[in-house]
Amino acid sequence: MAEQALSMYSEMKRGGSLHPNTDTYVALLQGCTMLKDIGNGTEIHSRLGELETDLFVGSTLISMYGKCGLLDKAHEVFVRIQKQNVVAWTALIAGYAEHGHGEIALKLYKKMQEAGICPNAITFVCILKACGALRATCSGQMIHAEVESKGLMQTNLFIGSAVVDMYAKFRLLEKAQDVFNKLSLRNSVSWNALISGYSNIRQDQRVLECFHRMCFESVFPDGITFACALKACGNLNDINTGHNIHTEIGERDPVKKQAFVCNALINMYAKSGSLLKAQQVFNSLPARDVVSWTALISGYAEHEHGEEALECFEQLKVKGLVPNAVTYICSLKACGAIGAVEKGEEIHTEIERRGLLEEGLVGSTLVDMYARCGSLTKAQQVLDTLSLRNVVSWTSLMAGYALIGKGEPVFANFSRMLSEGIQPNFITFVVLLNACTVSGLLNKSQTYFQAISKDFGIIPLLEHWTCMVNLLGCLGESINVENMVDKLSVIPDMVLWCSVLGACKNWGSLRFAEQVFENIGIN
DNA sequence: GTAGGGTTAG
């Protein structure tokens, strides 16, 4: 439709005899908005002349620029409109709300009311969205109360869904669920608002419960519902449900053609380790975007197929696609896993060239890659250049030193990390205790072990006890191992028992080994 | 006749 409108427009320009009216221009600009065709949109705008200030044409222009993220242009048009009504205001607010400028959206909302214009249902939807994105809980609750008092919650499904979505974005899922339960009508959008909320806080079991419940209540899931459900299956390793959903999608024509649904399928199989299925779905796609490739790379990288992951990384570039930050992160993980340091260096150069080093987890993954490959000098260099050094990047570096048997730099970097005001996490302590083991430092390890709870308020976990048992075992402190097992504040798992048995084997403590086997229940 | 909801790779 939109394409047709634009080709009619070309025809009109060629003929030169047609005189489009406001309706024609509104339709044309809507076409450009749908196609995100800002080139044609701007050209049409330049031909408008006086018509630009018409309320209908002007509002459509604001919407077009707003949706395409050209907010300054949207604002300029808004100012030139003679008498802005609620539609013009809302179109402008929507633009800001949709492009991460919730703060401005809220300010405009206030100004609109100061100008004597009352918000309507659509304005509320936009402003609820802005509150959700900003995590503006106070304003959000006030707006919620206002729409409630106007009785809009029960009469307008858009509003009901927007309120559920807002609380979900606040991560107040109990509240979101509460609002949802009180809705008199629910459609796929209200369900999706709730489901995506659970999905974002990784309540994957809840996601699937909602999914089934929704189907039971005869509300048809759409592409977005399927995408959330598949993500949950991947996280839960629930390949059965995932496969059932796959079958269901195959029977639903518009849904199975949506790119993001197909990508969610690839991801589900890849995450659950069904790499063959992931590759099959991938191969069957008519068009593959960078997300499809990245989902596949991630699957290979996480399941010990580093070579395949890097092969995909090359292929995607051959196809003319541009890797993004997530693609680099997954590919670097593959390099770290198989020790492909040269490939890692190549990717590093690419990241620097494209200015992506500070994006998300790119920097810490790069440190981790060098550390795993044993290139500690490079790892240290990268860490030093990062403007934001977090606990993950510090710990990765320290783990790398421990891995090659160097304890001293682990302790030195730990001090530097603390002096920068970064708090260690439980993995940091695992690394520190391992460093004590490789350096044979019993006293130091005991100091760190005590510091876990005393200075940092973390309860020592299984992993920390295992480190201590390993250390005592290495040093031949068999009596201390026995004492430690008596004092455990955690329920031992097989990993810990194996460490204990390792210590027994080192020092020939057959008697204690027999006790261990009794404990595990093997005689 | 102009403005509005939920989504995939880390």
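Throughout, a chain's letter reflects where its sequence line sits, starting with A, and its residues are numbered from 1. Because the structure is a prediction, the values reported are computed rather than measured. Just so you know, these numbers use all the heavy atoms, side chains as well, and skip hydrogens, waters and symmetry mates.
When each of B:dG4, B:dA9, B:dG5 is scored by its nearest atom to the side-chain atoms of A:Ser63, the top-ranked nucleotide is B:dG4. Of the candidates B:dG5, B:dA3, B:dA9, B:dA9 carries the atom nearest the A:Lys231 side chain, counting heavy atoms from C-beta on. Residue A:Val189 places its side chain closer to B:dG5 than to any other of B:dT2, B:dG5, B:dG4. Distance from the side chain of A:Phe56 is smallest for B:dT2 among the nucleotides B:dT2, B:dG4, B:dT7. Picking from B:dG5, B:dG4, B:dT8 the nucleotide with the shortest atom distance to the side chain of A:Lys67 gives B:dG4. Distances from the side chain of A:Val26 to the nucleotides B:dT8, B:dT2, B:dG10 place B:dT2 closest. Taking the side chain of A:Cys126 as heavy atoms from C-beta on, and the options B:dA3, B:dG10, B:dG4, the nearest nucleotide is B:dG4. Minimum atom distance to the side chain of A:Asn120 is reached by B:dA3, of the listed B:dA3, B:dA9, B:dG5. Across B:dG4, B:dG10, B:dA3, the shortest atom-to-atom separation from the side chain of A:Cys330 is found for B:dG10. Taking every side-chain heavy atom of A:Glu98 into account, B:dG5 is the closest of B:dG5, B:dA3, B:dG1.
One can place CG of A:Asn235 at 11 Å from P of B:dT8, the figure rounded to the nearest angstrom. Rounded to whole angstrom, the span from the CG atom of A:Leu71 across to the P atom of B:dA3 amounts to 17 Å. Distance A:Asn156 CG to B:dA3 C1': 13 Å, rounded to the nearest Å. In this structure, A:Ile266 atom CD1 and B:dT7 atom P are separated by 20 Å, rounded to whole Å. Taking atom CZ of residue A:Phe282 and atom C1' of nucleotide B:dT8, one finds them 14 Å apart after rounding to whole Å. Summarising the geometry, the separation between CG on A:Leu51 and C1' on B:dG1 is reported as 14 Å, rounded to the nearest angstrom. Taking atom CZ of A:Arg288 as the reference point, atom P of B:dT8 lies 22 Å away to the nearest angstrom.
Counting atom types as modelled, A:Thr60 pairs no side-chain N or O with a base atom of B:dT2 as donor and acceptor under 3.5 Å. Between the side chain of A:Thr365 and the base of B:dG10, no donor-acceptor pair under 3.5 Å is found.
A 4.5 Å side-chain heavy-atom check between A:Cys373 and A:Lys378 finds every atom pair outside the cut-off.
A close approach under 4.0 Å does occur between a side-chain nitrogen or oxygen of A:Lys129 and OP1 or OP2 of B:dG5.
In this structure, A:Asn267 reaches the sugar-phosphate backbone alone: every heavy-atom distance under 4.0 Å involves primed, P, OP1 or OP2 atoms, never a base. Here A:Glu302 lies out of heavy-atom contact (under 4.0 Å) with every strand. Residue A:Ser188 is in base contact, counting any heavy-atom pair closer than 4.0 Å across all strands shown. The residue A:Thr22 sits close to a base: some heavy atom pair falls under 4.0 Å. Nucleic acid contact for A:Asp289: none, since no nucleic acid atom lies under 4.0 Å from a heavy atom of the residue. When heavy atoms are screened at a 4.0 angstrom cut-off, A:Asn324 is found touching base atoms of the nucleic acid.
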Start with the C-alpha distance between A:Phe282 and A:Trp293, add both sets of side-chain angles, then the distance that settles ring-ring contact (aromatic ring centres under 6.0 Å, His included), and finish with yes or no. CA-CA 8 Å; A:Phe282 179 88; A:Trp293 281 98; 4.7 Å; yes
Given the rule in the ring-ring contact (aromatic ring centres under 6.0 Å, His included) test, do A:Trp191 and A:Phe211 qualify, once you have shown the distances and angles that lead to the verdict? CA-CA 8 Å; A:Trp191 274 105; A:Phe211 174 74; 9.9 Å; no
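Tested against A:Lys129, the residues A:Lys169, A:Met166, A:Glu98 include a single side chain to side chain contact (heavy atoms under 4.5 Å, CB included) partner, A:Glu98.
In this structure, A:Phe158 counts as stacked on the base of B:dG4 under the 5.5 Å centre distance and 30° plane angle limits.
Taking a cutoff of 4.0 Å between a charged side-chain nitrogen and a carboxylate oxygen, A:Glu314 and A:Lys343 qualify as a salt bridge.
By the 30° and 60° cut-offs, the orientation of the rings of A:His305 relative to A:Tyr300 is tilted.
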